[in-house]
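Below is one structure, written out as structure tokens; comments come after it.
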Amino acid sequence: MLSVITVPVQPFDDQKPGTSGLRKSVKQFAEPHYLETFVQALFDCLPDRLGQTLVLGGDGRFHNDVAIQTILKMAAANGFGRVIVGQGGILSTPAASHLIRLNGVFGGIILSASHNPGGPDGDFGIKFNGANGGPATETVTDAVFERSKVLSHYVTLDAGDVDLSAKGVGQLGDMAVEIVDPVTDYADLMETLFDFTAIAEMIRGGFRFRFDGMHAVTGPYAREVFGKRLGVPSAELLNCDPLPDFGGGHPDPNLVHAKHLFDAAMGPDGPDLCAASDGDGDRNLIIGKQCFVSPSDSLALIAANAHLAPGYTAGLAGVGRSMPTSGAVDRVAAAKGLTAHETPTGWKFFGNLLDAGVITLCGEESAGTGSSHVREKDGLWAILMWLNILAVRQEPVQAIMVDHWLTYGRTYYARHDYEGVAKDGAEALMAVLESRLDTLPGMGSEAGVIERADVFSYHDPIDGSVSNNQGIRLFFEGGARLVFRLSGTGTVGATVRVYLETYETPGGALDRSVNEALQDLAAAAGSIAGISHHLGRSTPDVVT
Ligand code: G1P
Ligand code: ZN
């Protein structure tokens, strides 16, 4: 009989979950009682947890193994009846969401800092997902934060570590521990949504597809789905061995960290499609031969073509996009008579809309795309959707994209990130801009006259909740838009994100370079917000 131990703690005051769970440096998570305090605060906010089942897994980053053992013992001491764990402690974020839904369980804990670097000097994170498989709403995360500030003790089990290396069911105190294969159920789900026969035939016919797992969690998923089930040669599945420090890389699938894919796709004899996913498998990068597809365009294109995939032949109920994501998908929705919902940044805001069945497809400009099949964004899903569309249409990515713009027009779009800037400067930039909202309309700028300016507030149409302060928006005459917001996922200083977009009609100039199309707006962003004054730099660190 294992005994429950009660451990007294001093509460912490910095455990406020951000855009996607609690994300801090590994060093901070490794501080005595830091993880335990957050987990106990979470469990305390789940009074109906007794006897319930949790799904548990993570992206395999450094500290994943230690944290899983801590959480297992605390779950047992806190009265959970069963925990379903991915073998080796591994579950991609979308696979965890699927397992929660497939097994109809109470919820899950996902250990991940997504695309942030890993290793002892990198980041770690923890996130709770509810019974719908989606990230907990702000009501829950706010309650957990409040609880963490006053916690006086946590409970755990006086037990050794659980061996997670083999599948099977074991016991930890009164709690069952079921170790499952992290890949199979997810791969089976993908086969129900996409035409694997058509995609495999396209690959056999010489279509060249290259995927980069970035040494993160999707490697085993990619080998099973792309390699085994679709016949992609293993030489085209790069970096598919997960490593705790992601091989020293930055598992963010963008043009900076996956530049070699971009170079390959732009080269004279490049693959037909290059793709990548991030640390925990929920983001996607899509680059066709000679044609990078921005995430906002990808969302719009999927909205226009999803019916070509078997799981979506009935069409979409509606679409959702986060506010900073470009309006490209709205134009498809308008043409198809679908409602387009605009939510704050962060996948958790799509959950209610997906649960209520008012949207089928949703996405964010930050390389997140997904559908009602799970309640997380899903990197491999987006890539499979593209493969399915390509297999049906039998045209190059570039031709499909150009055809899309000729039909709906083109939204030139970019995000400029000022990373790791001083918090004071970043907050001052936002505060000064906000204080000028009333006087900005009518003002001229490098990008023309400002028509309207506001701070985005979201009124959830399903549960009536209101989320204020979700970014500052400036709308220009002629349809261009600038958005300013502070990142909620960084762990060092502050990150200011500036989102730029301008629309060109189907009859307009559709083949400009994005930089050139947005240069006036970029200049306007700098002068209106006083970027160099507040941040001490005038060019962004990352442009995506
Ligand atoms: C970033 C992205 C956001 C995404 C989140 C989690 O959050 O911008 O779209 O949902 O990561 O992947 P941010 O750092 O901007 O708060
Ligand atoms: Zn991620």
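Whatever order the structure lists ligands and atoms in, that order sets their numbers, starting from 1.
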Handout entry: Structural part of T489 in contact with ligand 1, heavy atom criterion under 4.0 angstrom
Key =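 Both backbone and side chain of T489 come within 4.0 Å of ligand 1.
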
Handout entry: Location of contacts on R415 toward ligand 1, heavy atoms closer than 4.0 Å
Key =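 It is the side chain that gets close, since no backbone atom is under 4.0 Å.
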
With a 4.0 Å cut-off, would you call [X] and [Y] a salt bridge?
{"X": "D123", "Y": "R61", "answer": "no"}
{"X": "E342", "Y": "R473", "answer": "yes"}
{"X": "R283", "Y": "D252", "answer": "yes"}

Problem - Residue and atom, protein N/O/S, under 2.8 Å of the Zn ion (ligand 2) - result: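 Listed by chain and number, the nearby protein N, O or S atoms are S114 OG, D278 OD2, D280 OD1, D282 OD1.
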
Exercise for the section: Could you tell me which atoms of ligand 1, counted from 1 in the order shown, lie closer than 4.0 angstrom to a heavy atom of G488? Expected result: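 Heavy-atom distances to G488 below 4.0 Å select 13 (P), 14 (O), 16 (O).
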
Practice task
For E364, counting its heavy atoms only, list the atoms of ligand 1 lying under 4.0 Å from any of them.
Solution key: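 Under 4.0 Å from E364, ligand 1 has these atoms: 3 (C), 4 (C), 9 (O), 10 (O).
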
Handout entry: S20: partners by side chain to side chain contact (heavy atoms under 4.5 Å, CB included), with sequence neighbours left out
Key =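 Listed in chain order: R23, K127.
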
Exercise for the section: Might you point out which heavy atoms bring A276 and L261 nearest each other, and give the distance in Å? Expected result: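 For A276 and L261, the tightest heavy-atom pair comes out as CB-CD1, 3.8 Å.
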
Problem - Which atom of A517 lies closest to which atom of T502, heavy atoms considered - result: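 Smallest interatomic distance, heavy atoms only, reads O-CG2, 3.8 Å.
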
Exercise for the section: Please determine if K149 forms a cation-pi arrangement with F145, meaning its NZ or CZ atom is less than 6.0 Å from the six-membered ring centre and no more than 45° off the ring axis. Expected result: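 Yes, cation above the ring, under 6.0 Å and within 45°.
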
Practice task
Indicate the ring-plane relationship of H63 and F29, choosing parallel, tilted or perpendicular according to the 30° and 60° boundaries.
Solution key: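 Plane angle between 30° and 60°, so tilted.
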
Practice task
Say whether E376 and ligand 1 are in contact under the criterion: heavy-atom distance to a ligand atom below 4.0 Å.
Solution key: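 No, that is not the case, since the closest heavy atom of the residue is not under 4.0 Å from the ligand.
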
Problem - Min heavy-atom dist G346 to ligand 1 below 4.0 Å - result: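 Yes, G346 has a heavy atom closer than 4.0 Å to ligand 1.
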
Exercise for the section: Can you pull out the closest protein heavy atom to atom 2 (C) of ligand 1? Residue, atom name and distance to 0.1 Å, please. Expected result: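 The closest heavy atom on the protein side is S366 OG, 3.5 Å.
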
Problem - Pick from K377, K348, R497, H115: the one approaching atom 6 (C) of ligand 1 most closely through a non-hydrogen atom - result: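 Shortest heavy-atom distance from atom 6 (C) of ligand 1: K377.
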
Exercise for the section: Measure centre to centre between the rings of H404 and Y408, then say whether the value is under 6.0 Å. Expected result: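 Between Y408 and H404, which both carry aromatic rings, the centre distance is below 6.0 Å.
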
